[in-house]
Amino acid sequence: MDDDHTTDDGRSVDEDYTADDDYSGNDGYSGNDDWSTDDGRSVKDNTTDDDRTMRGNITDDDRTMKGNMTDGDRTMKDNTTDDDRTDDDRSIGNNTEGNRSMQDNHSTNDGHIMDIDSPENVDWDEQLLSRDWANQDWREVILLLNNVPWERLRRSTVLTIVNAHAEYNQRHPEADADLSPAEIEYFRRLRLESVSPEPVPGMSEDRSMLDWVSSANQQSENKSPEGSPRKRQQQREEANAVSKQYQPGFLTIGFELELAIAGRRAGDIFAERPHPNDTRWEAEDILVDNDTARLQRTAVNQVISVLNSQTDFVVIRKDEDEGEVLHDERMATLRWMDEGALPMEAGPDGSPIRGRGPPNNDVARAAQDALDNLHLINYFNPEQGRDIRLLSEADIRRAVNSVSRFNLQGARDVENARRHLIDLIRLESYRLKRDPRHIYLVGMKPRYRAFSVYPMGDADANMIYVRGQDYARQAGTHPPVDPQKQYEWVMAKVSSPVLPLRLHENDDQDLKNVATILSILCRTLRNNFRIHRELPSIPTTAQINVSHSAGFSLTEIKKLITLVAVTHGDIVKIHRQWRTSSDYERVCGPVQTTTNLGSISFTNTPGAPSNDPKFVLPHPTAAEEKTYEQTMNEYVDVGLLFEGHNKLTDRVFFNAVWRCESVDQISYGLNTGMKWRKPEVITKCVGPFEHTENVELDEEELLDADQKQVDLTFNNVDAERGVFEFRHCSGTMNPEHIFYWLAFVIHLVNFVKISTPAEYKRVLTGIMTGQLPLMEAFNVPDEVQNFFVNNIRDGFYNPENEPPVSWDDPFWPRV
């Protein structure tokens, strides 16, 4: 899977957003195009989520959650680290080797002295107001301004300075458009004032996820600002121990269903229908063969339209540029706008850029009036193919181009209004792309707030192995030699939003909700589309993606992978037998054979450097080796695990797993590095230390990943918490099979999260000795156990009442 799940945090959203409200402050200041993130930071356009430096003085600890300052939160002060400072800012804060020293008294270019020897005794309001900022470029004294305790200044002081900076910028349009420290502080205060510190009862879109997931003293992740990511190990581990490992949290679930849809009959419009009695959808308007791209678009649009019209799901497209830098920037911009920050101007290519100055109220009002008029004339009419939730960037620009005038005089104001209208349409579309069932955790892809549909790629490559002999012979019917050529096929993926799953709460209501979703989804798809049933020659998968609001520790990853490897032979029995074939290693191979660590485990001399070309095996010191061995023995009966004939592969694999020293290291070892080869469980977790977390890689680490051929985009679904993707199940449209498999996976991961070392060792030992059945080991409900017991024949999942797949009717029947 190239995408994954997990979780928009439902933070405070002003559904009555207007340009006047968001562009203009209460004191007459007409806004700016800066952005505040969800945690209170102001960032530049080209910064990343984990290494954002605004003017060189904001570090990872400069976070305020929902405007509530905790003891661990650092405000925007002079606390820059060596790694976070820009070259021009390296003289701020602590003097380190290689940095320019900061003198006790500083003289500006006009001779004015600002004494910062004892900053706590300085009247900063008087010092700053004594300067003529309207005629003084603040950029020339940025080193001094970075040392000002802005959060202690009077509001009137900050506002005066901000307006003076704006006046200077208007007279000097050639000046750098970055925000000044005063403007940063102004918008930080606006953000704090716009959010109520009182928790809102109930769970809704208007409420911060943090208000009801964790207590107030757990809201800050308290990441250390000291040093580069690799130098922050101790501080980050301490922070994670508070913010993640000891939070009870809850599991989250998502699923992705891969579909082989008969898009249209092969040949021209006069060709015979292979199944004339099946009246479900066909792309009748495509008259020629091999127009693959158009067929894919048509089929995906039809699936989205049907699901939106026949269910109460919110279903969207996957953006064509998802995964690219400009898309990431655009999504970050929209998230900030959604949470009450001011919209940023858009460049000619649609990417967000910083403008030259704050838009005036006339421009903001003109953009909002234009949007209101578009709604008034019903421009965004789904029946005309202009559903605002489904607009592409090209659609948005066409909507803006349809506006004839903006009631503005200057050409520059008109162009600014057009740009802000683009932002407003994007924002409204973004806000509507939410299914009410979703739950959002900070850092996940925004697409996973709703259901989404997108093409998987070349359908011919997936259907090429289908042959006539794959179908059951029935009286009077003879399947064609190449049945895949009777239709032009579309391989599509339907992805769910991230859903909360709190086991054993409210009578397992979350599980029941998932069952209802699957039932509605499969019924609607089967009743409207010809979806090919499961065949060994069609490598589709029903993927289950599991995460946790508190993330995963390194030990938990080791526990999960050990269980998956040990129970592989039992787990495959609750799925189709053909999924155990070596041909399926490209979609769901065993972790002990298809992963990087698995490949090394099967060499005759696994310790030899020549047999570890990808540098997968860990190499602990003697002291570390002793610690890892003790930990492994605490969780695993090592003697039992390794006993028996020819256990070298087990020794290499499990010893390597339990000796990994970081999340990054074990994740690298448990993936294949190749998109065409995937293990049965994909470990989509990142973190340089002992807990999942999203850390920006430096140039050396990026180069190392490139040399190892690591697909870095693969883990970007929810890098902060991590995701496990279970790929055992074939591409079924049987909602019961999907649900009961999902329930098993949830109980497996839940056991990994909550089990003590002694309990884990007892259960693992019982499984290895055969004294503890698989389902009972993880406290799987009787209903789930009974389903699989009743549907296993000849040792694998094979329902007795299921008719064989014949060419006479190869599709999933209507429900």
Side-chain angles (χ1 to χ4, degrees), residues 7-23 31 33 35-38 66 191 194-196 200 202-211 304 307-308 312-319 322 327-346 350 352 364 367-376 378-382 386-393 395-397 399-400 419-452 495-498:
T7 66
D8 190 329
D9 48 2
R11 279 181 266 208
S12 84
V13 177
D14 179 10
E15 298 298 343
D16 296 323
Y17 174 94
T18 64
D20 288 336
D21 293 335
D22 283 334
Y23 280 93
D33 51 0
W35 293 92
S36 292
T37 65
D38 49 350
K66 294 293 294 176
R191 173 66 180 146
S194 67
V195 180
S196 170
V200 181
M203 184 175 72
S204 70
E205 285 288 351
D206 297 327
R207 188 173 179 189
S208 168
M209 175 70 183
L210 294 168
D211 288 339
I304 292 173
L307 291 176
N308 278 327
D312 64 345
F313 300 160
V314 174
V315 187
I316 63 174
R317 295 190 187 96
K318 176 184 176 181
D319 291 337
E322 183 178 293
H327 182 272
D328 293 342
E329 291 180 351
R330 192 166 70 246
M331 291 301 103
T333 297
L334 290 169
R335 191 186 73 206
W336 301 330
M337 292 171 70
D338 189 26
E339 294 161 6
L342 302 179
M344 185 181 291
E345 289 191 324
Q368 183 62 51
D369 288 345
L371 179 60
D372 293 341
N373 288 334
L374 288 173
H375 281 295
L376 187 63
N378 198 24
Y379 180 88
F380 303 110
N381 186 344
R386 293 197 293 260
D387 188 333
I388 195 167
R389 295 173 299 184
L390 306 178
L391 297 182
S392 65
E393 283 297 294
D395 294 332
I396 291 174
R397 294 190 177 278
V400 173
R419 292 179 178 180
H420 287 294
L421 178 56
I422 290 174
D423 281 326
L424 292 177
I425 297 175
R426 284 175 177 166
L427 175 62
E428 186 164 340
S429 177
Y430 178 89
R431 285 177 167 170
L432 292 172
K433 293 178 179 178
R434 285 186 174 96
D435 188 275
R437 301 161 187 81
H438 90 282
I439 194 165
Y440 189 90
L441 301 180
V442 180
M444 69 169 247
K445 288 184 179 179
R447 176 164 60 87
Y448 292 111
R449 301 173 306 159
F451 293 86
S452 58
S495 176
S496 77
V498 174

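This one's a predicted model, so the numbers in the text were calculated from it and none came from an experiment. In this chain, residues are counted from 1 in sequence order.
Taking N381 as the reference, nothing meets the side chain to side chain donor-acceptor pair (under 3.5 Å) condition, with sequence neighbours excluded. Qualifying side chain to side chain donor-acceptor pair (under 3.5 Å) partners for N378, counting only residues two or more places apart in sequence or in other chains: none. Partners of F380 according to the ring pair (Phe, Tyr, Trp, His ring centres under 6.0 Å) rule, which considers only residues two or more places apart in sequence or in another chain, are H375. Legend: residues meeting side chain to side chain contact (heavy atoms under 4.5 Å, CB included) with R437, ordered by chain and number and at least two apart, are D312, F313, D435, L499, I517. In terms of the salt bridge (charged side-chain N to carboxylate O under 4.0 Å, His left out) criterion, D319 has no residue partners (sequence neighbours excluded). Residues satisfying the side chain to side chain donor-acceptor pair (under 3.5 Å) test with R389, not counting sequence neighbours, are D387.
Atoms OG and OH, on S495 and Y448 in that order, are 4.5 Å from each other to the nearest 0.5 Å. Put simply, CZ on R335 and CE on M331 are 11.0 Å apart, with the number rounded to the nearest 0.5 Å. Here the CZ-NE2 distance, from R447 to H327, works out to 8.5 Å after rounding to the nearest 0.5 Å. To the nearest 0.5 angstrom, I388 atom CD1 is 13.0 Å from R426 atom CZ. Atoms CG and OG, from D395 and S429 in turn, are 9.5 Å apart once rounded to the nearest 0.5 Å.
The main-chain N or O of I316 is never found under 3.5 Å from a side-chain atom of S452 such that the two would form a donor-acceptor pair. Under a 3.5 Å cut-off, the side chain of T333 and the backbone N or O of E329 do form a donor-acceptor pair. A donor-acceptor pair under 3.5 Å is absent between the side-chain atoms of D423 and the main chain of H420, judged by distance alone.
Closest non-hydrogen pair, L421 versus A370, comes out as CD2-CB, 3.9 Å. The heavy-atom pair separating L371 from E428 by the smallest distance is CD2-OE1, 3.5 Å. When all heavy atoms of I422 and R397 are compared, the pair lying nearest together is CD1-NH1, 3.2 Å. The two residues P446 and Y430 make their nearest non-hydrogen contact at CB-CE1, 3.9 Å. The shortest non-hydrogen separation linking K433 to A450 is O-CB, 3.8 Å. Of all heavy-atom pairs between L427 and L334, the closest is N-CD2, 3.6 Å.
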Trace of the side-chain contact (heavy atoms from CB on, under 4.5 Å) decision for I425 with L374: CA-CA 10 Å; I425 297 175; L374 288 173; 4.2 Å; yes
